[in-house]
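See structure below.
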Amino acid sequence: MQKSSSSSSIQSLIYACSKLNNFEQVLSLFSRMLYQGHVPDAFILPTVVKACTALSNIKAGRQAHGIASVSGLDSDPYVQSSLVHMYVKCSQLKDARKLLDAMSEPDVVSWSALVSGYARVGHVSEAKEAFEDMERKGIEPNVVSSNGLIAGFNQSGCYSESALMFQMMRSRGLKPNGTGISSVLPAVGDLEDLILGNQIHGYVIKMGWGSDKCIVSALIDMYGKCRCSSQMSRVFDEMDELDIGACSALISGLSRNGLADKALMVFRQFKDKGMDLNVVSWTSVIAACSQNGKDMEALDLFREMQIAGVKPNSVTIPCILPACGNTAALMHGKAAHGFSIRSGISGDVYVGSALIDMYAKCGRIKISRLCFDRMPTRNLVSWNAILGGYAMHGKAKEAIEIFHLMQRSGQKPDLVSFTGILSACSQSGLTEEGQCYFNSMFREHGIEAGVEHYTCMVSLLGRAGKLEEAYSMIKKMPFEPNGCVWGALLSFCRVHNNIALGEIAAKQLFRLDPSNPGNYILLSNIYASKGKWREVDRVRGMMNKIGLRKNPGCSWI
DNA sequence: CTAGGGTTAG
């Protein structure tokens, strides 16, 4: 049995431990104090709650709250404030909110904490509500509260609200600080609001924040999103010290602007300079490759990253998986899957969706379905991935099943979902069903069909031999048909040997895509099927004139 | 004795 210490000596020990950030010790000393029958006062309790906050220990925090209530200390402003922060840190926002409403002295700091608490978990409307409630209670929001709300809007993709909040802050006479600037810039970029972006850039220069790494990275990102690659590179070059965040922003900016080769080049330069590359920098260069058709490079970089001792995370995996799928590199894909399981990220919705897609592209649709069924949470991307997988495999029955299941689960379909269901119907010859889904797109879901949907419909009708209907569908399109649409028509003209429409489609294709040998071959085959040898020779002559040769076939499987 | 906010990869 330990010797009982006096209340004041154990309390000074608690303060000392708290100063040293030894929060575990604070809690254990506090429980010893209680055990010895000492009653905590309004001075020690905030320190204890602070320890609970630091450790995200909600259980101990609630106990402290209970002690505060029974002893009446819960009316002390210090105790209240510390408890609010504890609940916010532990994401118990309802409790934080309840405390704030009961607080004796209104407090900007605690209200701001609640706003950013909601923002962090992506509950924008609650964040906004909290912001307005604090105003109603007579507390003027300050720069920090506004910044918190901006971060919340960004989190949920409400970029125009972010920019609006930023402007409102300025009109209220609040001077934006560095944090606010780096929070609003990603939104400015997504809105491609170059005017506001330039204004902010000017303000940054005026304030002398040109060497703040967060701000500079955010500026680079903003110019990249606004497609100002020269401005972007200028900001990067004018930095006095290389920063890893700015490098990553530059790489993704280059890639976004179609300069994947340059992105790869600057990445190599950073590596040669001996920069301490992190997951974000590696992932951005891998994304730059996989999003620009450089699948092999992406796979090589992924390997190189692991050799360099950098651990992939839940963003890296969805970046590398498309490269595995596109090259049917099943072994690499399986390895990435195994890695996700071992590192506990296989439940991530983006990882899961990317796995579904990868397995489908590698021909393993049953594993795709298994991944789908095992997902703890699904979003539109996951539903579209499995739907697209079934479509890819020509499994219309399963695709239709998924399409209805997703809606029964409360997930509204989008353009991508309709591409999936229509292409599944088209491939399986479900002509009437496909037409039904196509008609329901706008009528029932308010979604305007895009070129890919018309392409599916042309294939669907063409396959059924309804070439005239397919052609009138093209004529009805509210926008200019592209090569895919005409290509679909030409292919089925070949299947059904329809010279008249085949010539129309081919004429358009020769205009849109003159160097694709496939189109000439299709047309010449249509002529050949009817014994029109002079026409066959004419098409062959056209091909020779521009130096085209038949492409050899290629399959990854 | 308590106390709030940031960039870059999907």
Side-chain angles (χ1 to χ4, degrees), chain A residues 11 14-15 18-19 40-51 53 73 76-86 88-89 96 103 105 107-117 119-120 134 141-152 154 176-187 189 209 212-222 224-225 236 243-253 255-256 263 277-291 305 310 312-322 345 348-351 353-354 381:
Chain A
Q11 286 205 9
I14 290 177
Y15 292 136
S18 175
K19 254 199 194 116
D41 61 16
F43 292 90
I44 197 67
L45 216 45
T47 309
V48 172
V49 175
K50 183 188 176 182
T53 310
L73 292 174
D76 178 271
Y78 284 93
V79 173
Q80 289 173 336
S81 179
S82 65
L83 283 171
V84 168
H85 288 278
M86 187 275 297
V88 168
K89 175 77 190 292
M103 243 165 117
E105 292 164 41
D107 175 10
V108 223
V109 177
S110 300
W111 275 99
S112 305
L114 182 70
V115 171
S116 40
R120 242 200 323 274
M134 77 188 261
N142 61 12
V143 186
V144 181
S145 352
S146 312
N147 288 348
L149 198 50
I150 289 174
N154 283 345
N177 58 13
T179 305
I181 297 292
S182 34
S183 301
V184 79
L185 279 172
W209 293 335
D212 185 310
K213 293 185 163 123
C214 276
I215 294 177
V216 174
S217 304
L219 276 173
I220 292 170
D221 174 66
M222 181 274 293
K225 285 176 180 159
F236 183 82
D243 169 60
I244 184 82
C247 293
S248 311
L250 181 70
I251 289 169
S252 73
S255 154
R256 206 191 296 277
L277 301 165
N278 62 16
V279 219
V280 180
S281 19
W282 281 101
T283 306
S284 30
V285 73
I286 290 172
C289 290
S290 71
Q291 287 163 6
M305 162 180 182
V310 178
N313 65 13
S314 62
V315 181
T316 319
I317 300 299
C319 286
I320 192 64
L321 283 171
I345 56 167
D348 182 277
V349 66
Y350 292 98
V351 171
S353 308
V381 180

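Just so we're on the same page: letters track the sequence lines, and every chain starts at 1.
Counting to the nearest Å, the C1' atom of B:dG10 and the CZ atom of A:Arg256 are 12 Å from each other. The distance between atom CH2 of A:Trp282 and atom C1' of B:dG10, rounded to the nearest whole Å, is 18 Å. To the nearest angstrom, C1' of B:dT7 lies 9 Å from CG of A:Asp243. Rounded to whole Å, atom C1' of B:dT2 lies 10 Å from atom CG of A:Leu83. Atoms CG (A:Leu219) and P (B:dT7) sit 13 Å apart, rounded to a whole Å. Atom CD1 in A:Ile320 sits roughly 12 Å away from atom C1' in B:dG10 (whole-Å rounding). For the pair A:Leu114 CG and B:dA3 P, the computed distance is 16 Å after rounding to whole Å. Between A:Leu149 atom CG and B:dG6 atom P there is a gap of 13 Å when expressed in whole angstrom units.
If you check every strand for non-hydrogen atoms under 4.0 Å, A:Asp41 touches nothing. As judged by a 4.0 angstrom heavy-atom cut-off over every strand, A:Val143 is placed among the base-contacting residues. Contact annotation for A:Thr283: base contact, defined as any heavy-atom pair under 4.0 Å involving a base atom. Using a 4.0 Å heavy-atom criterion, one finds that A:Ala42 contacts the bases of the nucleic acid, with or without backbone contacts as well. Residue-level contact check: A:Gln11 touches neither bases nor backbone, having no heavy atom under 4.0 Å from any strand. Using a 4.0 Å heavy-atom cutoff across all strands shown, A:Thr47 reaches sugar-phosphate atoms only and no base atom. Contacts of A:Gly178 with the nucleic acid, taken as non-hydrogen atoms under 4.0 Å apart, include base atoms. Within the 4.0 angstrom heavy-atom criterion, no nucleotide atom of any strand lies near A:Ile181. Counting non-hydrogen atoms under 4.0 angstrom, A:Asp76 reaches nothing in the nucleic acid. Using a 4.0 Å heavy-atom criterion, one finds that A:Asn142 contacts the bases of the nucleic acid, with or without backbone contacts as well. Among the protein residues, A:Ser314 comes within range of the nucleic acid bases, having at least one heavy atom under 4.0 Å from a base atom.
For the atom pair A:Arg120 CZ and A:Lys89 NZ, the distance stands at 8.5 Å (nearest 0.5 Å). Atoms NZ and OG, from A:Lys213 and A:Ser182 in turn, are 14.0 Å apart once rounded to the nearest 0.5 Å. The line from CD1 of A:Ile150 to OG of A:Ser116 is 12.5 Å long, rounded to the nearest 0.5 Å.
For the pair A:Lys213 and B:dT7, the criterion of a side-chain N or O lying under 4.0 Å from OP1 or OP2 is not met. Contact annotation: A:Gln80 side-chain N/O to B:dA3 OP1/OP2 distance is not under 4.0 Å. For B:dG4, the OP1/OP2 oxygens have no side-chain nitrogen or oxygen of A:Ser145 closer than 4.0 Å.
Evaluation of atom-type donor-acceptor distances gives a pair under 3.5 Å for the side chain of A:Asn313 against the base of B:dA9. Applying the 3.5 Å distance criterion, the base of B:dT2 shares a donor-acceptor pair with the side chain of A:Ser81. For B:dG6, its base never sits under 3.5 Å from the side chain of A:Ser183 at any donor and acceptor pair. Between the side chain of A:Asn147 and the base of B:dG4 there is no donor-acceptor pair of N/O atoms closer than 3.5 Å. Between the side chain of A:Ser217 and the base of B:dT7, a donor-acceptor pair under 3.5 Å is found.
Between A:Leu185 and A:Asp221 the shortest side-chain heavy-atom distance does not fall below 4.5 Å. You'll find the side chain of A:Ile244 reaches within 4.5 Å of the side chain of A:Leu277, heavy atoms only.
Residue A:Val144 has its side chain nearest to B:dG4 when only B:dG4, B:dG6, B:dG10 are considered. Relative to the side chain of A:Ala287, the nucleotides B:dG6, B:dG4, B:dG10 differ in distance, and B:dG10 lies closest.
The neighbour count for A:Tyr15 OH, taken as heavy atoms of other residues, nucleotides or ligands under 6.0 Å away, is above 12.
Using modelled atom types, one side-chain atom of A:Ser353 and one backbone atom of A:Val349 make a donor-acceptor pair closer than 3.5 Å.
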